[in-house]
Amino acid sequence: MPTNQEAVELFQGIADLLDVLGERFKPEAYRRASRSIESLTEDLGAIAARNELRTVPGVGDAIEEKIREFLATGHLDYYDRLRKEVPPGIVELLKIPGLGPKSARRFWLEPGVEGPAELADAIRAGKLEGMKGFGPKKVGQIQAALAAAGASPAGGRLPIEVAYPIAQRLVAGLRAAGGVEAIELAGSFRRARESVGDLDLLVTSAEPERVFDAFSRLPEVREVRLRGGTKETVVLTQGLQVDLRVVAPEAFGAAWQYFTGSKDHNVHLRSLARDRGLKINEYGVFRGDERVAGRTEAEVYATLDLAWIPPEIREDRGEIDAAARGELPSLVERTDLTGELHCHLAPAATPREVDRTIEAARALGLGYLGFVVAWETADGGRITLPAATVAHLDSVRSPGLRVGRAVEVGPSGPPGEWSPLRADYTVVRPTGKTPDPPTDPPKGPPVLVAHVGGESAARKWIAWARSAGAAIEVGPGAERLDSTGARAAREADVRLVLPTGVGNPEADPTRAVALGFARRAGTTKSDVRNAASAAEVTRAWAPRPRA
DNA sequence: GCCGTTTTCGGCCCGACTGTTTTCAGTCG
């Protein structure tokens with residue numbers, strides 16, 4: 001059976017083809033359906049089996065029919081027919097920055113160009129001269145874009161944990177340059193999407209020119225792609241595009257809302273506004289010429305009688321209706337976290353490092369801190385912290401902070417059996433030898449599943465965690481649940497664990513990104529194991545030995 | 001092709017920027 005991702009690509013492909021064929025509204029309809037499927041947390045096949053495809057936003061009679069055909073046969077006649085009408089290279093042209101469907105169609109129909117390479121040849125041969133709307137400057141841009149596309153294919157999306165430190169540096173750089181009053185990040189970064197295609201920065205400033213100049217001169221900026229009175233677009237050395245916009249303070253909320261998106265969320269808001277005789281744009285909410293809101297996001301939402309909606313769930317997946325009914329979930333906050341359950345130290349960590357970590361936990365106000373004292377590595381090796389270090393963490397008496405021990409093992413044995421060390425609880429991880437969950441539920445102390453990522457592994461381990469009463473860790477990277485996995489876990493009534501960042505100074509993005517993923521999945525405090533009270537979490541831990 | 005507390009037909013977010021334009025079209029987000 002085809003995967004959701006294959007359906008996403010199928011409908012995107014149809015949209016591109018329809019675009020080139022000159023269709024007006026169908027392409028957007030297929031893109032809408034494609035985005036909608038992309039944000040599903042369940043297989044299309046399962047939804048189809050329940051006869052609920054029409055509940056997916058953007059799916060109507062025609063697209064439901066096409067999904068069913070695709071699920072049943074693995075292909076789609078309609079798509080195959082469209083592909084016969086358009087040379088494959090014409091769709092490739094759409095990927096060239098600055099070239100859209102109108103231009104691609106004209107190159108195809110007028111000089112008869114059927115792909116990027118042919119277009120480059122046609123330009124060199126002067127075949128575009130005299131084409132209306134394509135003067136020397138435009139042709140030069142296209143030529144440069146074609147060359148750039150050939151040199152570095154796919155300017156793909158960046159994982160958010162990779163983009164995170166880049167974004168922090170850009171913000172810090174702009175602040176240091178001066179002239180900046182408020183500065184915030186928007187776009188899919190703010191919505192905590194797993195990957196970002198670009199970064200959106202929003203600034204208020206009395207001196208936009210000064211800010212743009214400073215932005216252009218940041219060390220990571222490779223080229224300035226465009227610059228106007230209110231926005232500047234640059235490309236960073238590693239290829240990421242960044243948009244910087246300067247807005248007036250009284251419009252900051254409207255602009256932040258607008259540039260945070262998502263597109264579908266904004267379109268929905270706008271149609272609500274229209275129904276009320278209001279107009280929303282990035283400058284504010286207007287009744288006629290009168291601005292009625294715009295300084296803060298909450299103000300903008302309030303004009304539509306909506307509560308402020310957290311950015312992580314602005315995907316037009318029902319959050320607007322929920323806000324209208326006053327039924328938005330109260331999403332987990334950083335300050336809800338009561339402790340850390342998965343703190344790794346270096347294999348040769350000293351007692352001093354234990355103390356430093358405990359200090360960090362105290363600074364965050366955590367009520368418990370579980371150190372992994374022995375662990376099985378991904379390739380089946382075994383590591384135990386130095387005896388003096390383990391003895392030291394047992395001896396620590398820190399008022400208000402309960403220190404615990406965890407042992408991290410593969411799923412093969414009864415958890416913890418191989419370890420000579422007492423453990424308050426067990427962390428289970430898939431290993432190279434045994435990536436699948438054990439058939440029997442674990443016996444003994446409470447269990448946290450960590451280092452699980454990837455769609456199929458996540459599915460299996462969520463099912464196991466459910467039967468075992470275990471929790472699963474959320475966060476960035478291939479070894480933790482992303483927002484889709486977190487939602488699946490939540491829907492299976494499996495508790496989540498969020499990293500606090502304690503004990504891992506390198507992992508600044510980890511804590512923030514994990515929290516974003518959890519919120520994106522609609523997670524509330526009660527879904528998170530390490531947001532319960534310290535007493536509740538540590539109740540099952542072994543009694544402390546006397547010092 | 002989708003969608004509906006104004007609609008089952010007639011709409012479909014809206015503005016910045018660029019280049020090529022004598023008033024606008026295309027692209028992008």
Side-chain donor-acceptor pairs under 3.5 Å in residues 90-115 of chain A, sequence neighbours left out?
residue  : atom : partner  : partner atom : Å
A/Glu92  : OE2  : A/Lys95  : NZ           : 3.2
A/Arg105 : NH1  : A/Val20  : O            : 3.0
A/Arg105 : NH1  : A/Leu21  : O            : 3.3
A/Arg106 : NE   : A/Glu110 : OE2          : 2.9
A/Arg106 : NH1  : A/Lys132 : O            : 3.0
A/Arg106 : NH2  : A/Glu110 : OE1          : 3.2
A/Arg106 : NH2  : A/Lys132 : O            : 3.2

Tell me which residues in [range] lie within less than 4.0 Å of DNA chain B, going by non-hydrogen atoms.
| range | result |
| --- | --- |
| residues 118-145 of chain A | A/Gly133, A/Gly135, A/Pro136, A/Lys137, A/Lys138, A/Gln141 |
| residues 295-305 of chain A | none |
| residues 43-66 of chain A | A/Pro57, A/Gly58, A/Val59, A/Gly60, A/Asp61, A/Ala62, A/Ile63, A/Lys66 |

**OP:** Starting at the 5' end of nucleotides 11-16 of chain B, put B wherever the base has a protein heavy atom under 4.0 Å, S where only the sugar-phosphate does, and a dash everywhere else.
**Re:** -BBBSS
Rounded distance in Å - [atom1] ([X]) to [atom2] ([N]):
| X | N | atom1 | atom2 | answer |
| --- | --- | --- | --- | --- |
| A/His268 | B/dC2 | NE2 | P | 18 Å |
| A/Arg35 | B/dC2 | CZ | C1' | 13 Å |
| A/Arg106 | B/dT20 | CZ | P | 13 Å |
| A/Arg227 | B/dC28 | CZ | P | 22 Å |
| A/Leu226 | B/dC28 | CG | C1' | 9 Å |
| A/Asp16 | B/dT27 | CG | P | 13 Å |
| A/Leu202 | B/dG29 | CG | P | 16 Å |
| A/Phe259 | B/dC17 | CZ | C1' | 12 Å |

Original post:
Does B/dT18 pair with anything, Watson-Crick or G-U wobble, both distances under 3.5 Å, and if so, with which nucleotide?
Top reply: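 Per the H-bond distance test, B/dA25.
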Subject >> Contacts of type side-chain contact (heavy atoms from CB on, under 4.5 Å), residue A/Thr524, not counting sequence neighbours >> reply: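 In terms of side-chain contact (heavy atoms from CB on, under 4.5 Å), with neighbours along the sequence ignored, A/Thr524 is linked to A/Pro329, A/Ser526, A/Asp527.
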Original post:
Got a sec, which residues hit side-chain contact (heavy atoms from CB on, under 4.5 Å) with A/Arg169, two or more places apart in sequence or on another chain?
Top reply: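 Only A/Pro165, A/Ile166, A/Glu220 meet the side-chain contact (heavy atoms from CB on, under 4.5 Å) criterion with A/Arg169.
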Distance between [atom1] atoms of [N] and [M] (Å, rounded):
| N | M | atom1 | answer |
| --- | --- | --- | --- |
| B/dC2 | B/dT8 | C1' | 12 Å |
| B/dG10 | B/dG15 | C1' | 24 Å |
| B/dG1 | B/dT5 | P | 23 Å |
| B/dG4 | B/dC13 | P | 14 Å |
| B/dC14 | B/dC9 | P | 25 Å |
| B/dT20 | B/dT27 | P | 14 Å |
| B/dG11 | B/dC17 | C1' | 28 Å |

Original post:
Does A/Arg225 or A/Leu18 map to a spot on DNA chain B nearer the 5' end, using the closest nucleotide for each?
Top reply: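 It is A/Leu18 whose nearest nucleotide is closer to the 5' end.
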Original post:
Using the purine O4'-C1'-N9-C4 or pyrimidine O4'-C1'-N1-C2 torsion, is B/dT21 syn (within 90° of 0) or anti?
Top reply: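 That one's anti.
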**OP:** Please identify each residue that fulfils ring-ring contact (aromatic ring centres under 6.0 Å, His included) with A/Phe286, with sequence neighbours left out.
**Re:**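 Per chain and number, A/Phe286 pairs via ring-ring contact (aromatic ring centres under 6.0 Å, His included) with no residue.
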Subject >> A/Tyr164-A/Phe189 aromatic ring centre distance below 6.0 Å >> reply: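 Yes, ring centres under 6.0 Å apart.
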Original post:
Under 4.0 Å between a Lys/Arg side-chain N and an Asp/Glu carboxylate O for A/Glu184 and A/Arg190?
Top reply: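 No, no charged N to carboxylate O under 4.0 Å.
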Original post:
In terms of side-chain geometry, is the basic nitrogen of A/Arg68 or A/Glu64 positioned less than 4.0 Å from the acidic oxygen of its partner?
Top reply: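 A salt bridge links A/Arg68 with A/Glu64.
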Subject >> A/Glu65 atom CD, neighbour heavy-atom count above 12 within 6.0 Å >> reply: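 Open.
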Original post:
Should we count CD of A/Glu129 as having more than 12 external heavy atoms under 6.0 Å?
Top reply: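 No, not enclosed.
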**OP:** Only pairs at least two apart or in different chains count here, so list each salt bridge (charged side-chain N to carboxylate O under 4.0 Å, His left out) that has a residue in residues 228-255 of chain A.
**Re:**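 Qualifying pairs: A/Asp200-A/Arg245.
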Original post:
Applying salt bridge (charged side-chain N to carboxylate O under 4.0 Å, His left out), which residue pairs with at least one partner in residues 258-274 of chain A are found, sequence neighbours left out?
Top reply: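 Listed once each, the pairs are A/Arg32-A/Asp264, A/Arg35-A/Asp264.
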Check every strand shown and say whether [X] touches a base, only sugar-phosphate, or nothing at a heavy-atom separation below 4.0 Å.
| X | value |
| --- | --- |
| A/Thr233 | nothing |
| A/Glu232 | nothing |
| A/Pro27 | nothing |

**OP:** Could you tell me the separation between the CG atom of A/Leu174 and the CG atom of A/Leu244, rounded to the nearest 0.5 Å?
**Re:**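 One finds 6.0 Å between CG of A/Leu174 and CG of A/Leu244.
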Subject >> Nearest-0.5 Å distance that lies between atom CG in A/Leu119 and atom CG in A/Leu128 >> reply: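 One finds 6.0 Å between CG of A/Leu119 and CG of A/Leu128.
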**OP:** Can you tell me which residue pairs pass the side chain to side chain donor-acceptor pair (under 3.5 Å) test with a partner in residues 12-25 of chain A, sequence neighbours excluded?
**Re:**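 Non-adjacent pairs meeting side chain to side chain donor-acceptor pair (under 3.5 Å): A/Asp16-A/Arg31, A/Asp19-A/Arg31.
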Which donor-acceptor pairs under 3.5 Å do the side chains of residues 206-214 of chain A make with protein atoms, sequence neighbours left out?
residue  : atom : partner  : partner atom : Å
A/Glu207 : OE2  : A/Arg210 : NH1          : 3.0
A/Glu209 : OE1  : A/Arg227 : NH2          : 2.8
A/Arg210 : NH2  : A/Ala177 : O            : 3.4
A/Asp213 : OD1  : A/Arg227 : NH1          : 3.0
A/Asp213 : OD1  : A/Arg227 : NH2          : 3.0

